[in-house]
Amino acid sequence: MPIKTNIEALNETLAAEMRRDARIIMMGEDVGQRGGVFRATKGLFEEFGPGRVIDSPLAELSIIGVGIGMALNGLRPICEIQFADFIHPAFNQIVNEAAKIRYRSNSAYHVPLVIRTPYGGGISGGLYHSQSIEAIFAHTPGLYVVAPSTPHDTKGLLRAALRAEDPVLFLEHKKCYRLIKGEVPAEDYDVPIGVAEVKRAGGDLTIIAWGLMLHESLRAAEALARDGISAEVLDLRTLAPLDREAILASVKKTGKVLIVHEDTLTGGLGAEVAAIIAQGAFEYLDGPITRLAGPDVPAVPFSHPLEDFFMPNAAKIVAAARKLAAY
Amino acid sequence: MPIKTNIEALNETLAAEMRRDARIIMMGEDVGQRGGVFRATKGLFEEFGPGRVIDSPLAELSIIGVGIGMALNGLRPICEIQFADFIHPAFNQIVNEAAKIRYRSNSAYHVPLVIRTPYGGGISGGLYHSQSIEAIFAHTPGLYVVAPSTPHDTKGLLRAALRAEDPVLFLEHKKCYRLIKGEVPAEDYDVPIGVAEVKRAGGDLTIIAWGLMLHESLRAAEALARDGISAEVLDLRTLAPLDREAILASVKKTGKVLIVHEDTLTGGLGAEVAAIIAQGAFEYLDGPITRLAGPDVPAVPFSHPLEDFFMPNAAKIVAAARKLAAY
Amino acid sequence: MPALTASQFVGKDHSAALDDDRVLAMYEVMLLARKLDERMWVLNRQGKVAFHISGLGQEACQVGMAFAMARGVDWLHPYYRDLSFVLALGMTPRHLMLQVFGKAEDPSSGGRQMPSHWSYPPSRIVTSSSPVATQVPQAAGIAFAAKLRGLDEVVVATLGEGSTAQGDFHEGLNWAGIHKLPLIVLVQNNQYAISVPVEKQMPVANVADRGEAYGMPGVMYDGNEIMESYNVAQEAISRVRRGEGPILLEAKTYRPTPHSSDDDDRSYRSREEVELWKKRDPIMRSEQTLRERGLLDDALAERILARCVNQVDDATEYAQRAPYPRPEEALQPVFG
Amino acid sequence: MPALTASQFVGKDHSAALDDDRVLAMYEVMLLARKLDERMWVLNRQGKVAFHISGLGQEACQVGMAFAMARGVDWLHPYYRDLSFVLALGMTPRHLMLQVFGKAEDPSSGGRQMPSHWSYPPSRIVTSSSPVATQVPQAAGIAFAAKLRGLDEVVVATLGEGSTAQGDFHEGLNWAGIHKLPLIVLVQNNQYAISVPVEKQMPVANVADRGEAYGMPGVMYDGNEIMESYNVAQEAISRVRRGEGPILLEAKTYRPTPHSSDDDDRSYRSREEVELWKKRDPIMRSEQTLRERGLLDDALAERILARCVNQVDDATEYAQRAPYPRPEEALQPVFG
Ligand SMILES: Cc1ncc(C[n+]2csc(CCOP(=O)(O)OP(=O)(O)O)c2C)c(N)n1
Ligand SMILES: Cc1ncc(C[n+]2csc(CCOP(=O)(O)OP(=O)(O)O)c2C)c(N)n1
Ligand SMILES: [Mg+2]
Ligand SMILES: [Mg+2]
């Protein structure tokens, strides 16, 4: 099977899907001639032209608002928000509009819209080019939130997102774009929205993660294995709706759980995962539900020592897991 | 002591504080001549004039943006967002700007700004006049979030908010405005930000709530007492930062906890409370951490049967508490 | 290019081409809206419905536009005062009353939305929300899709003048201008945003003065005059349909009622002002014109009124009797 | 009232009143900025600093404005290309280099922010963020506070032309117009928003065409010409200081470098275009003027250059050696 990076899988799937379905429109800042600031849309403008690949004005609110309108009138827009940190001006259009249109119209209207955006830290991006935004949007019923971590899942989840009949926030960890490589089957396949995956099986404790932290967790699991600690690593992949069954099944098996995310701790998505476990697997727990996350500061700082301090990583995961395993 | 409603306590404290500190400016839609659509700012325009009570254009983004600027230049603005549901256009100015200015400038600048807004359901307000917004803002380090439920706490927390050196989101449950009455000391006092309060002591289980649900929980506790179940009711009052000590102390005492909020379940603030307990009071738990919340639908529907179905209330709390007590 | 007046913009009298039936139909739908609106106020005052927000007084600019549109082809992304507009496009008094009472059969939302939040696909009326001005970029997107798909569709978005202060207005018009989209943005300037008068909302005399900033004509006209409203609408629709790009319209009008059933307008405007505007009532003026033209006499006026009142009675009764949604309906639809 | 040209707006030659030292100081700070900017590019290409975003080519409009402001009294709410602007207002090359290297002593943020995100209270330079245009309503608020408090302060906010598409721009200007605030919004139109050319950003020829929509003058001028920039700035500051209300300025300029160190501009514009604009380089033109006026000869030019290079060397060395923040510094400050 061919080996690709996350961004190659993304770019190729975008092109393939646009070939398949003429209703798919790609729009956003610099997605056209420039092919995107991360080159995720490279070649699309040349292949599909300015009627399908649209360089938007610098205005996120209306990138989403216009996208909603397009979706209401028969198209399937993909809106790129250049950095997740800049999605906030569009918050109202996403949360009050896109996510509520089906419900408020009793399904007379609905919004098949995919919002793609690079997120996450570890790339010297400072406060406004490092944010993790999943928690606020995973708290928005009516919106799907997915966050593939591997090239395989990128392809499969993007295909699923483009077949969904409701808005999908498609989160791409920007540090993983080129860092992560993996096999991508040439044939068509979907990774269904709402289904987590055990990326490494284990028996002593469960580590739950997604995005860059999935890969740090896998590295940590390697190290733990050398110590004789067998960690299961569960990749959530879809962040809304959460795969409760997969979460509970793994924790019921291991009895201990470490939830890892780079978003700040308080009110992060890890809280919901913890709450699900605390209610649904109470009798199976052999230790406190543990979270490892970014500290409660306004955002990821720029300077290396500060950023490193902020970011969870394999070493910190190993330390937390050891402590939990010893409980 | 005089008995007042929540909105009387609010209105009188606003006036008293504006008399005390000439830097306080009240601004927002219809806050001037009209005295606010809920009459929370009644009489302020007459007393303080158009230089201190400012009818804004209909534009939330800039109500906050302009407020930030005022705060940077020596004033202490109170920005009213007419309904919490309409705060979303200002999300970027609140989350990326107000909450991050101290951190990003290493304290060279800071933003003493109070954002007041009526929130919550149960008043036939439908999707856009019923929202609970605390979870998304309690996930914003750099922002205080308070939600007083009684006239006493309204006065004390508003005074504390107006003395804080950083932005405060001041949440007022609109159904409680006139429904809730209570004693308000005439003398000056602050209710410190960050401190929860046991509003009713009990031994069998802890109910954690705020806003309208605090009052429903107190009613439920009455009913439970008649069944011989002694419920402790903890009023969080401040939603960011959470009073971890108070939460853990109560749960360690009772061993069982029911968290109640009207915001939708998944990713609601109850998740964080549950996670804190699951990690910090693991060994004290005698039953699953239980949450009772609004269902995961896009918003509160309008029609009575639908709204009633959505809203948690005393009867639903009693049912959940009975089940938990019997565990 | 400052704001254009109606006569500068229109050039010819489109209304002359309307046959008498259409002219009378315009009158009748305005009157129907008025009677329905008044009934809703009464029901609210009787405590039978929770809330009412009125389109009373703004009928002419709405009906004028509706009659210039191709029903089922052109789109309306409405706002909460468009009661006459949605009736003129094909919603029925029953439809509207069902929402007012929050009944299961409400076609707009199945009882989920507050009154005056319409949605009706057969008439291409797009589901509306409460946060103001969000419809402007959405309407631009609908128009953009029509253009990209090569469809002959015009999109009309309406909003109040106060709502033009929102970033959504700016951004939506900017897209429309850049891509020359088939979009008409109709601002109904009733001179207040709840209690806030125009001069505290914007530093320009007319909303239409802002058209130029988006490379489009800005046209202001008497929104309480049905024929002027129709002429401007017809001209705008024709131009937009010809592909000449978007247009910003400003109908000067007034809201004689309080903002909503929760408002008390005595605190922010004088009774004299309100009385003055009642003399410019669009339905009164329309009736007068029809009588002058010999299209309407007392007998016909009475028959029309009776038809309207009948429909209002029927709708009220029907909606009152209709079943509420089952409580568990609250749980859906979330995803399709 | 369409956009005004510099000569329509200014009326008189304010620069004639500048003494020679000030004129030379303007030149020197532009050159210093240029040398510093070039060094930052080099450091980035050498892999020594993570990121650079340049103000290169936009020096004149920035320095012209800075010299018209009352330092420490008037406010600047800057954007990331204002390297010359913040230098001219009193930040030092060391200050800027410290941020580029993310060092603890960085006065803007203590190493928390990316390069070109300045903050410096002694010069009333307000902390800047990355989301574009948020500074516009904030600057209106600073100006509003000044007005309410009766302080004689003018506020300048800068941004790129692409950023005027944001709702923040519209809303901020609307407030400024309504309340006649002492605000100047200086749009540096360098003709691209990253790769997106002006005609895909807005449907009007000039940003300044939009002033009218906010009841304020919109003025466009050659932002690569230091004296024209100063004249327009001086006129604008004087008017605003006199209480005549806000002004929208559009400096026509160009960015000869890629958008940032992460960009490659070859994909979206021709080398010919870039070369053409290099002939209009503001520093080259300024030097020429000074030589024509007899204020500058080879010897002085060399001395000035040496001073600039010295400062750049010193700042680079100082910042490179300066300590990083301690890791735990990441935890604060959250609340005061
Ligand atoms: C974003 C948002 N903020 C506030 C409100 C509350 N609100 C409802 S209508 C209204 C005034 C609207 O004024 P205008 O746009 O002039 O329309 P009109 O009601 O006068 O027709 C306000 C402030 C809202 N619906 N949406
Ligand atoms: C809200 C927001 N969206 C996107 C970006 C990413 N971005 C940074 S600069 C830029 C282009 C800015 O263009 P312009 O306003 O013309 O300023 P210039 O860089 O040309 O000086 C973009 C899209 C951002 N910083 N903020
Ligand atoms: Mg109005
Ligand atoms: Mg630019």
Side-chain angles (χ1 to χ4, degrees), chain A residues 60-61 85-96 99-104 126-128 131 135-143 240-242 259 263-283 285 287-291 295-299 301, chain B residues 60-61 85-96 99-104 126-128 131 135-143 240-242 259 263-283 285 287-291 295-299 301:
Chain A
E60 287 76 10
L61 178 174
D85 316 60
F86 306 138
I87 203 168
H88 304 322
F91 195 70
N92 190 46
Q93 285 284 352
I94 298 172
V95 165
N96 265 340
K100 292 187 174 49
I101 279 177
R102 179 185 290 280
Y103 189 79
R104 81 182 188 216
L127 280 79
Y128 300 108
Q131 292 177 26
I136 50 180
F137 291 104
H139 182 55
T140 303
L143 184 69
L242 286 168
I259 305 158
D263 190 13
T264 55
L265 180 77
T266 298
L269 190 65
E272 179 60 36
V273 178
I276 287 172
I277 297 165
Q279 184 150 15
F282 174 67
E283 296 178 354
L285 286 171
I289 300 170
T290 307
R291 289 181 290 164
D296 283 338
V297 301
Chain B
E60 287 77 10
L61 177 175
D85 316 59
F86 305 138
I87 203 167
H88 304 321
F91 195 70
N92 191 45
Q93 285 284 351
I94 298 172
V95 164
N96 265 340
K100 293 188 174 48
I101 279 178
R102 180 185 289 281
Y103 189 78
R104 81 182 189 216
L127 280 79
Y128 299 107
Q131 292 176 26
I136 49 179
F137 291 105
H139 182 54
T140 303
L143 184 69
L242 286 169
I259 305 158
D263 189 12
T264 54
L265 180 78
T266 297
L269 190 65
E272 179 60 36
V273 177
I276 287 172
I277 296 166
Q279 183 149 15
F282 174 66
E283 297 179 353
L285 287 171
I289 300 170
T290 308
R291 289 180 292 164
D296 284 337
V297 301

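Chain naming here is simple, since letters A, B, ... match the order of the sequence lines and numbering starts at 1 in each.
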### Message
Let's test your reading of the structure: which of B/Leu127, B/Ile259, B/Leu242 forms the most heavy-atom pairs below 4.5 Å with chain A?
### Response
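Going by pairs under 4.5 Å, I would pick B/Leu127.
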### Task
Could you check which of B/Gly268, B/Ala240, B/Pro241, B/Ala90 has the highest count of heavy-atom pairs closer than 4.5 Å to chain A?
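It is B/Gly268.
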### Query
Listed by chain and number, what are the side-chain contact (heavy atoms from CB on, under 4.5 Å) partners of B/Pro301, not counting sequence neighbours?
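Partners of B/Pro301 under the side-chain contact (heavy atoms from CB on, under 4.5 Å) test: A/Tyr103, B/Leu306, B/Phe310, C/Arg112, C/Ala330.
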In terms of heavy-atom proximity below 4.5 Å to chain A, should [X] be classed as side chain, backbone, both, or neither?
| X | answer |
| --- | --- |
| B/Val95 | side chain |
| B/Leu285 | both |
| B/Thr140 | neither |
| B/Gln131 | side chain |
| B/Ala299 | both |

### Message
Restricting to non-hydrogen atoms, name the atom on B/Leu61 and the atom on B/Gln93 that form the minimum distance, rounded to 0.1 Å.
### Response
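The answer is O-CG, 3.5 Å.
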### Task
Taking all heavy atoms of B/Asn96 and all of A/Tyr128, pick out the closest pair and write down the distance.
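Result for this residue pair: O-OH, 2.5 Å.
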### Query
Once the angle between the rings of A/Phe91 and B/Phe91 is folded into 0 to 90°, is it parallel (under 30°), tilted (30 to 60°) or perpendicular (over 60°)?
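Ring orientation, 0 to 90° scale: parallel.
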Donor-acceptor list for residues 269-281 of chain B side chains, cut-off 3.5 Å, not counting sequence neighbours:
{"unit_1": "B/Glu272", "atom_1": "OE1", "unit_2": "A/Gly267", "atom_2": "N", "d": "2.7"}
{"unit_1": "B/Glu272", "atom_1": "OE1", "unit_2": "A/Arg291", "atom_2": "NH1", "d": "2.8"}
{"unit_1": "B/Glu272", "atom_1": "OE2", "unit_2": "A/Arg291", "atom_2": "NH2", "d": "2.9"}
{"unit_1": "B/Gln279", "atom_1": "OE1", "unit_2": "A/Arg291", "atom_2": "N", "d": "3.3"}

### Query
Do the side chain of B/Asp296 and the main chain of B/Leu265 share a donor and acceptor less than 3.5 angstrom apart?
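Looks like yes, one N/O pair under 3.5 Å.
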